[in-house]
Amino acid sequence: MSLEETLKDELNPEQYRAVTTTDGAILIIAGAGSGKTRVITYRIANMLEKGIPQSQILALTFTNKAAKEMSDRIRKLTARKLQNLTISTFHAFGVRILRQDIDKLGWRTNFSIYDETDRNALIKESARELDFTEDALDLYKIGGLFSDIKTGRKDWQSANDGYRELYEAYQEGLKLYNAVDFDDLIVLPIQLFRESPETLQRYRDRYRYIMVDEFQDTSHQQYEMMRLLADKNVAVVGDDDQSIYSWRGADYQNIINFEKDFPAVQEIRLEQNYRSTGTILAAANGVIKHNTNRKDKELWSGNGDGQPIELFMPENEAAEADFIAESILSISVEEKRTYDDFGVLMRANTQSRPIEEAFLENNIPYVMSGGTSFFERKEIKDIISYLRVIANHDDDINLLRILNTPRRGLGRATVEKLNVVADRMGYSLWEAAKAVLEAPEKESKLTEAVRVNLESFISLIEAGKNMLSGKGLSKKVKAMVDEINYYDYLISDNPKSEKAARFKYMNIESLIKSMELWENNPEHEDTSLYAYLNRITLLSRDDLDDGEEDKGKVNLMTVHASKGLEFPVVFIAGAEEGIMPHARAVEEGGDTAVEEERRLFYVAVTRARDRLLISSCRNRRRQTGTAECEPSRFLDEIPQQLVKYHEPSKELGPQDAHEMLQNMLKNLSRPRVPKL
DNA sequence: CGTCTCCAGGTTTTT
DNA sequence: CCTGGAGACG
């Protein structure tokens with residue numbers, strides 16, 4: 001069947017129009033489950049089929065996961081190699097631009113990208129230099145303020161002016177260390193485009209067709225970046241009801257801006273839901289209509305009613321976790337489902353622990369996506385820091401991190417000495433270290449031991465230049481990890497538990513493993529250290545390329561991470577006041593925040609295809625002990641006839657439940673994990 | 001001068 | 001639980 005026939009066959013009239021309208025500006029309002037991903041992928045496949053070169057197409061997404069999913073699907077659909085097609089997150093696209101052209105803004109192209117941890121370290125460092133009083137330092141708040149300032153969400157006002165000097169020091173630090181932060185990945189390309197029209201024109205000439213997914217989640221800055229790039233063929237896809245990133249600057253008013261900036265825009269609305277049962281959809285509609293500030297629309301479904309939504313009220317989070325594990329085991333048998341048919345959604349990463357424990361106990365394979373990123377782990381950050389410093393010697397923040405990790409006798413006093421030189425000369429620490437070592441003995445004032453240690457550190461980093469080009473990055477990294485005796489360091493650093501040390505070492509091994517997979521993937525042409533680092537900073541753990549390993553496992557994730565995904569069976573864990581809506585959001589943001597929390601709940605509900613199970617604990621452990629919980633207000637907004645309540649099964653303690661499960665397991669013939 | 005040990009405090013969501 | 005900081009110790 002030709003693609004044309006496939007399109008006619010598989011798409012409804014609106015979808016068909018969205019797919020085949022390739023020229024001009026298009027706004028696609030796509031409700032949950034309305035086949036949005038399908039429309040986007042078919043649209044791109046169709047463009048390729050029509051002979052538009054891959055290189056002219058740019059698709060911008062919000063998460064790496066979405067980008068990956070999109071290119072996987074297009075690859076399947078077209079059976080082509082997609083070497084020149086650009087499907088990327090806004091941030092990754094920003095990196096790409098900066099890697100090419102950041103020299104025009106005064107950085108060097110081997111710049112480092114600072115994540116939250118690095119940024120905090122830099123703020124702390126800057127504060128120290130300015131003699132900021134320690135108690136005035138709430139890094140969380142200051143980081144947020146700096147981000148708001150940088151992206152133009154806030155101006156300096158009397159209330160904030162106290163931090164102005166610190167902000168300027170922070171900015172100077174970034175430049176001195178040849179580093180940029182996450183906001184810069186969007187802000188600097190815009191600045192570049194403004195200051196260098198030729199550069200902008202180059203990109204405009206190249207990307208003739210632009211598409212933006214999850215448009216409701218774009219920030220003003222991201223919108224601006226898109227607007228500058230877009231010539232006339234630009235399609236944006238979004239759903240105001242699924243806008244859940246306003247805390248990060250997302251503003252679905254961009255939809256209105258879009259209509260203003262591209263007056264000839266055609267609007268296409270996709271309101272038929274293909275995903276969920278009528279019951280689930282009715283619940284979702286019932287909830288979302290409590291929001292006042294939205295485009296009025298109602299999704300409809302041709303699917304049957306399906307089963308009622310099931311609501312459980314477990315005693316506490318451990319019982320909740322047991323309930324989820326138990327249900328997965330029984331449903332997978334009764335309905336012959338594989339583990340990857342299940343999605344377990346939660347509001348916050350903190351909820352994952354008991355659930356993971358229950359999965360482990362019951363031998364349920366699972367993947368946890370998002371969450372404390374793999375790359376935030378100390379041991380991983382340490383190794384990556386080495387790589388960053390090898391790529392960019394002037395990266396003080398990462399240099400400070402590894403200078404004495406593992407211990408090599410270069411402590412506070414040495415750093416202080418180097419800092420003095422660095423400050424006086426306007427050097428980075430690396431330059432300062434080199435200068436101090438080259439200076440005559442008297443000048444340097446370093447003890448002989450320190451001198452030797454510093455020299456060997458420097459030659460270690462310089463030896464790393466063999467990673468900059470050529471092949472076998474993973475091998476070289478492994479050799480370096482051995483060379484610095486990182487495993488011994490882990491053991492001495494975790495004296496209580498050799499197990500912990502080994503676990504951390506295994507994390508490093510899986511990092512190296514993923515590196516190996518990455519460099520052996522024929523689609524990745526550039527496998528230099530730079531290319532690797534570019535990619536890594538913007539990734540979270542679930543983006544790690546571990547091949548097919550994640551297939552056939554239960555999906556555990558935050559609601560935020562679940563956007564754009566669907567599962568035949570969905571659990572929503574922790575549907576309690578204080579969690580959903582989150583107490584913090586209610587405190588800080590009032591009604592608007594509750595509306596966003598409601599959209600979040602709406603997103604969670606609409607992930608489900610066939611079955612939706614919601615649990616609301618009656619008690620939950622807090623830092624300070626156990627607190628009683630009330631069911632989430634959103635539960636009351638689900639029409640009651642759709643819900644089947646389950647009384648808490650008090651008599652069945654964890655012990656009994658465990659026994660019951662063991663019995664069940666014995667009776668099962670093994671292969672529940674699907675063959676790949 | 002560097003390292004070790006103990007203690008407090010912390011997490012909403014992500015690039 | 002895990003990280004980071006302060007202060008004691010070698």
Side-chain angles (χ1 to χ4, degrees), chain A residues 60-67 88-95 113-117 119-121 124 134 138-140 144 147 151 180-186 214 217-219 221-222 243-250 345-353 369-373 375-379 381 401 404-417 446-447 449-450 453 492-497 500 503-504 536-543 557-563 574 578-589 593 596-597 599-600 603-604 622-624:
Chain A
L60 293 169
T61 64
F62 207 61
T63 61
N64 295 299
K65 206 175 194 165
S88 125
T89 63
F90 273 96
H91 286 83
F93 187 63
V95 172
I113 303 167
Y114 279 4
D115 65 15
E116 214 108 325
T117 315
R119 177 234 247 162
N120 285 348
K124 230 184 283 176
E134 195 59 33
D138 179 343
L139 287 176
Y140 203 69
S147 174
T151 56
V180 303
D181 64 21
F182 274 141
D183 293 317
D184 285 326
L185 297 180
I186 311 297
E214 308 288 4
D217 285 324
T218 49
S219 66
Q221 299 294 318
Q222 287 166 329
S243 167
I244 54 176
Y245 283 96
S246 73
W247 49 273
R248 222 179 89 187
L345 310 185
M346 53 203 179
R347 172 68 237 267
N349 287 304
T350 36
Q351 291 171 254
S352 75
R353 184 173 293 270
S369 37
T372 319
S373 153
F375 294 97
E376 306 268 286
R377 289 183 166 281
K378 191 182 172 306
E379 62 276 18
K381 269 205 86 100
R401 185 183 181 99
N404 206 27
T405 304
R407 314 249 132 77
R408 49 171 76 86
L410 299 172
R412 234 187 354 240
T414 307
V415 170
E416 201 36 60
K417 273 181 193 162
L446 296 179
T447 64
V450 168
N453 293 336
S492 68
D493 215 40
N494 297 279
K496 293 257 160 56
S497 146
F503 175 72
K504 288 172 186 219
I536 218 80
T537 318
L538 299 171
L539 292 189
S540 43
R541 166 191 193 244
D542 46 307
D543 304 315
M557 62 184 77
T558 64
V559 182
H560 280 90
S562 77
K563 203 175 54 158
I579 293 193
M580 286 173 133
H582 198 276
R584 211 125 172 170
V586 179
E587 262 166 49
E588 285 168 14
E596 176 141 325
E597 295 286 306
R599 289 194 292 269
L600 204 47
V603 167
R622 300 282 163 107
Q623 297 100 316
T624 49

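In what follows, every heavy atom counts, from backbone to side chain, and hydrogens, waters and symmetry copies are set aside. All chains are named by letter (A, B, ...) in the order of the sequence lines, taking the proteins before the strands, and each is independently numbered beginning at 1. Values in this document were obtained by computation on a predicted structure and should not be read as measured data.
Judged purely by atom type and a 3.5 angstrom limit, Arg599(A) uses its side chain to pair as donor or acceptor with the backbone of Ser243(A). Counting only distance, with no hydrogens or angles, the side chain of Asn404(A) and the backbone of Gly409(A) share a donor-acceptor pair below 3.5 Å. Asn120(A) places no side-chain N or O within donor-acceptor distance of the main-chain N or O of Thr117(A), the cut-off being under 3.5 Å. Proximity of a side-chain donor or acceptor of Glu596(A) to a complementary backbone N or O of Ser246(A) within less than 3.5 Å is detected. The backbone N or O of His582(A) sits less than 3.5 Å from a side-chain atom of Glu597(A), completing a donor-acceptor pair.
Following rounding to the nearest Å, His582(A) (NE2) and dG10(B) (P) show an atom-to-atom distance of 14 Å. Nucleotide dC1(B) holds its C1' atom 9 Å from the NZ atom of Lys417(A), rounded to whole Å. Look at CD on Glu116(A): it is 11 Å from P on dT14(B), rounded to the nearest Å. Between the P atom of dG2(B) and the CD atom of Glu416(A) lies a distance of 11 Å, rounded to the nearest Å. Put simply, CD1 on Ile244(A) is 11 Å from P on dT15(B), counting in whole angstrom units. Per the geometry, CZ belonging to Phe182(A) stands 12 Å off P belonging to dT14(B), to the nearest Å. The CE-P distance, from Met346(A) to dT11(B), rounds to 17 Å in whole Å. We find that CD of Glu596(A) is positioned 13 Å from P of dT14(B), with the value rounded to whole Å.
Here Thr447(A) does not reach the OP1 or OP2 of dC1(B): none of its side-chain N or O atoms lies under 4.0 Å away. Dashed line: the shortest gap from a side-chain N or O of Lys504(A) to OP1 or OP2 of dT3(C) is under 4.0 Å. Under 4.0 angstrom from either OP1 or OP2 of dG5(C) there lies at least one side-chain N or O belonging to Lys124(A). OP1 or OP2 of dT14(B) has at least one side-chain nitrogen or oxygen of Thr558(A) nearer than 4.0 Å. Residue Asn120(A) places no side-chain N or O under 4.0 Å from the OP1 or OP2 atom of dG4(C).
Among the protein residues, Tyr245(A) comes within range of the sugar-phosphate backbone only, with heavy atoms under 4.0 Å from sugar or phosphate atoms but none that close to a base. Contact annotation for Thr350(A): base contact, defined as any heavy-atom pair under 4.0 Å involving a base atom.
Ranked by how close their nearest DNA chain B nucleotide is to the 5' end, Ala413(A) and Asp183(A) are led by Ala413(A). Between Arg353(A) and Thr117(A), the residue whose closest nucleotide on DNA chain C is further toward the 5' end is Arg353(A). The 5' end of DNA chain B is approached more closely, in terms of each residue's nearest nucleotide, by Thr414(A) than by the other of Thr414(A) and Ala585(A).
A donor-acceptor contact under 3.5 angstrom links the side chains of Ser147(A) and Asp183(A), judged on distance only.
Among the nucleotides dT14(B), dT15(B), dT11(B), the one closest to any side-chain atom of His91(A) is dT15(B). Among the nucleotides dT14(B), dT11(B), dT13(B), the one closest to any side-chain atom of Arg347(A) is dT13(B).
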Shorter than 3.5 Å, N or O on both sides, protein versus nucleotides 3-5 of chain B: list them out with atom names.
| residue | atom | partner | partner atom | Å |
| --- | --- | --- | --- | --- |
| dT3(B) | OP1 | Gly409(A) | N | 3.2 |
| dT3(B) | OP2 | Asn404(A) | ND2 | 2.8 |
| dC4(B) | OP2 | Arg407(A) | NH1 | 2.9 |

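How far CD of Gln351(A) is from CE of Met580(A): 7.5 Å, rounded to the nearest 0.5 Å.
By the 5.5 angstrom centroid cut-off and the 30-degree plane limit, Trp247(A) is classified as stacked against the base of dT13(B).
Side chain Arg248(A) to base dT13(B): no donor-acceptor pair is found below 3.5 Å.
Qualifying ring-ring contact (aromatic ring centres under 6.0 Å, His included) partners for Tyr114(A), counting only residues two or more places apart in sequence or in other chains: none.
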